[in-house]
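Take a look at the structure below.
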Number of protein chains: 2
Amino acid sequence: MSRSTLSLLEFALLGLVHDHQPCCGYGLRKIFTETPMGRFSDSPGSIYPALARLERARLIRGRVENSTAVRRRKVFRLTPSGRSELSRRLERPITQSDLPRGMPELALRFAFMESVLGRAECVRFLQSLAKELAAYIPSLRHHLEVEQTTNSLSASLAMESGVMSYECYLAWARRAIRRFRQTRSSS
Amino acid sequence: MSRSTLSLLEFALLGLVHDHQPCCGYGLRKIFTETPMGRFSDSPGSIYPALARLERARLIRGRVENSTAVRRRKVFRLTPSGRSELSRRLERPITQSDLPRGMPELALRFAFMESVLGRAECVRFLQSLAKELAAYIPSLRHHLEVEQTTNSLSASLAMESGVMSYECYLAWARRAIRRFRQTRSSS
DNA sequence: TCTTACATGTAAAAGGTTACATGATTAT
DNA sequence: ATAATCATGTAACCTTTTACATGTAAGA
């Protein structure tokens, strides 16, 4: 891809290849189909072109299995530059602008974080997330109060569901930090 | 648009025009920029073409204000078929396939629901949502338990954040039903 | 035998993002 | 005077979606 940043789908594929290598397109597709992870389309029309773009960018390398497997399939592995691209994306600091766009991308980043960057970075990520959420939520609450008089009840409640979901993520982040501290020994 | 269903952006604009009419493109843009509602791009390159598509489809009608206003601006109103299209979209029953894609679209539908369909429909929507969530969450919990042994802690926690967010929405939906019952008199 | 699962792609169409482009009016 | 706000659009590029297309192997 000529684009400088990876799309969310490309990023998800890069992380999945890292965690599951060697793996083939069909297997990655099944992850989208069968697990709740990511809300990506499981259609081959999105995943195979995305893998081809990652391969053109030399972030993954695919080889057609000729001998061992029963069927012809192309197995992918990360290249060194693919790994460093993944690390760069995971290391990006959380900013306020990440929050209004929703948590799914941040959750995806966190899912890959331990296997790529290790536990210490996970805890730093969670602390940073908690800090940004704690700063963001009051502004949402304020906005909610201001517009409550103007809007219908359903519109207010819809907005409240958004605020509440951020509050839940904050509580989750704090619990998650504790979980890392409790189980520091394993892994 | 030749496409049969409206994109999320087009649907959002249709609902916003309904609630704010008469309104112009710039005002709609500001809603995306200044309020946390929707995570849509506030760039003119997305919103003006989308409004043009809605107008071509005869769902909204725009008129250039020539006299009263200080500046030239195009104000939009819903057409009857725009209103019925909006109703159809809002009335669509919730299915299991709506949930893995995430709540944002459902929240958006709910936000417009009271002003278009009335309170009774809002309560039905919430009851249906609660029912679907209650059926969906155990399958997520089960998936989480199965994969917990395989995955890293951060991957498990990321998945758990997703499950937890659905649980929060379920609690929200039940509270919201009570709120409608309590304040039935007003509006 | 027939269907399901495995396995990989391409083509057309459309929508969204980014960047570009323009111009009037109000506030500093 | 100059910057910020109001106001509307276009063009290029890329991604995604939907649909089409093909073929093997295993299981019912």
Side-chain angles (χ1 to χ4, degrees), chain A residues 1-14 17 20 22-34 38-57 60 62-76 97 100-102 104-105, chain B residues 1-14 17 20 22-34 38-57 60 62-76 97 101 104-105:
Chain A
M1 66 235 65
S2 53
R3 208 175 184 175
S4 56
T5 60
L6 299 176
S7 74
L8 194 59
L9 174 61
E10 289 159 352
F11 168 58
L13 289 173
L14 195 62
V17 171
H20 292 74
C23 60
C24 69
Y26 188 80
L28 295 166
R29 229 187 110 193
K30 270 205 322 189
I31 294 175
F32 293 146
T33 316
E34 294 171 4
R39 54 214 85 316
F40 302 98
S41 167
D42 61 333
S43 81
S46 63
I47 186 166
Y48 286 107
L51 286 170
R53 289 194 299 273
L54 291 173
E55 201 178 4
R56 270 205 302 278
I60 61 176
R63 281 184 183 161
V64 177
E65 267 186 359
N66 37 13
S67 52
T68 57
V70 273
R71 289 188 208 74
R72 162 191 166 253
R73 50 182 229 147
K74 198 173 181 180
V75 291
F76 292 99
S97 64
R101 291 288 178 97
E105 166 150 17
Chain B
M1 68 237 66
S2 54
R3 208 175 184 174
S4 54
T5 59
L6 298 176
S7 73
L8 194 58
L9 174 62
E10 289 159 352
F11 167 57
L13 289 172
L14 195 61
V17 171
H20 292 74
C23 60
C24 70
Y26 189 80
L28 295 165
R29 230 187 110 193
K30 273 206 317 189
I31 294 175
F32 293 146
T33 316
E34 293 170 5
R39 58 216 78 328
F40 302 98
S41 167
D42 60 333
S43 80
S46 63
I47 186 167
Y48 287 107
L51 286 169
R53 288 194 298 274
L54 290 173
E55 199 178 6
R56 269 206 304 277
I60 61 176
R63 280 186 185 160
V64 177
E65 268 187 1
N66 37 14
S67 51
T68 57
V70 270
R71 289 187 208 74
R72 162 194 166 251
R73 49 181 228 147
K74 197 171 180 181
V75 292
F76 292 99
S97 64
R101 293 287 179 97
E105 165 150 17

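Checking Ser46(B) against Lys30(B), the closest nucleotide of DNA chain D that is more toward the 5' end is the one next to Lys30(B).
One interatomic measurement links the two molecules: CD of Glu65(B) to P of dT25(C), which rounds to 14 Å at whole-angstrom precision. Atoms CG (Leu6(A)) and P (dT15(D)) sit 10 Å apart, rounded to a whole Å. Spacing between atom CG of Leu8(A) and atom C1' of dT16(D) amounts to 12 Å, rounded to whole angstrom units. Rounded to whole Å, the distance from CZ on Arg73(A) to P on dT22(D) is 25 Å. Taking atom OH of Tyr48(B) as the reference point, atom C1' of dG16(C) lies 16 Å away to the nearest angstrom. Here the P atom of nucleotide dC6(C) and the NZ atom of Lys74(A) are 20 Å apart, to the nearest Å. Rounded to whole Å, atom P of dT15(D) lies 16 Å from atom CZ of Phe11(A). Across the protein-nucleic acid pair, Glu34(A) atom CD and dT4(C) atom C1' stand 13 Å apart, rounded to whole Å.
The side chain of Arg53(B) places an N or O atom within less than 4.0 Å of a non-bridging phosphate oxygen (OP1 or OP2) of dG16(C). An OP1 or OP2 oxygen of dT16(D) is reached within less than 4.0 angstrom by no side-chain nitrogen or oxygen of Ser43(A). For the pair Tyr26(B) and dT8(D), the criterion of a side-chain N or O lying under 4.0 Å from OP1 or OP2 is not met.
Residue Gly45(B) is in base contact, counting any heavy-atom pair closer than 4.0 Å across all strands shown.
The line from CD1 of Ile31(A) to CG of Asp42(A) is 12.5 Å long, rounded to the nearest 0.5 Å. The distance from atom CG of Leu13(A) to atom CG of Leu28(A), rounded to the nearest 0.5 Å, is 6.0 Å.
Contact check for Phe40(B) versus Leu8(B): side-chain heavy atoms found under the 4.5 Å cut-off.
Classification of Arg39(A) and Glu105(B) as a salt-bridged pair fails, no side-chain N sitting under 4.0 Å from a carboxylate O.
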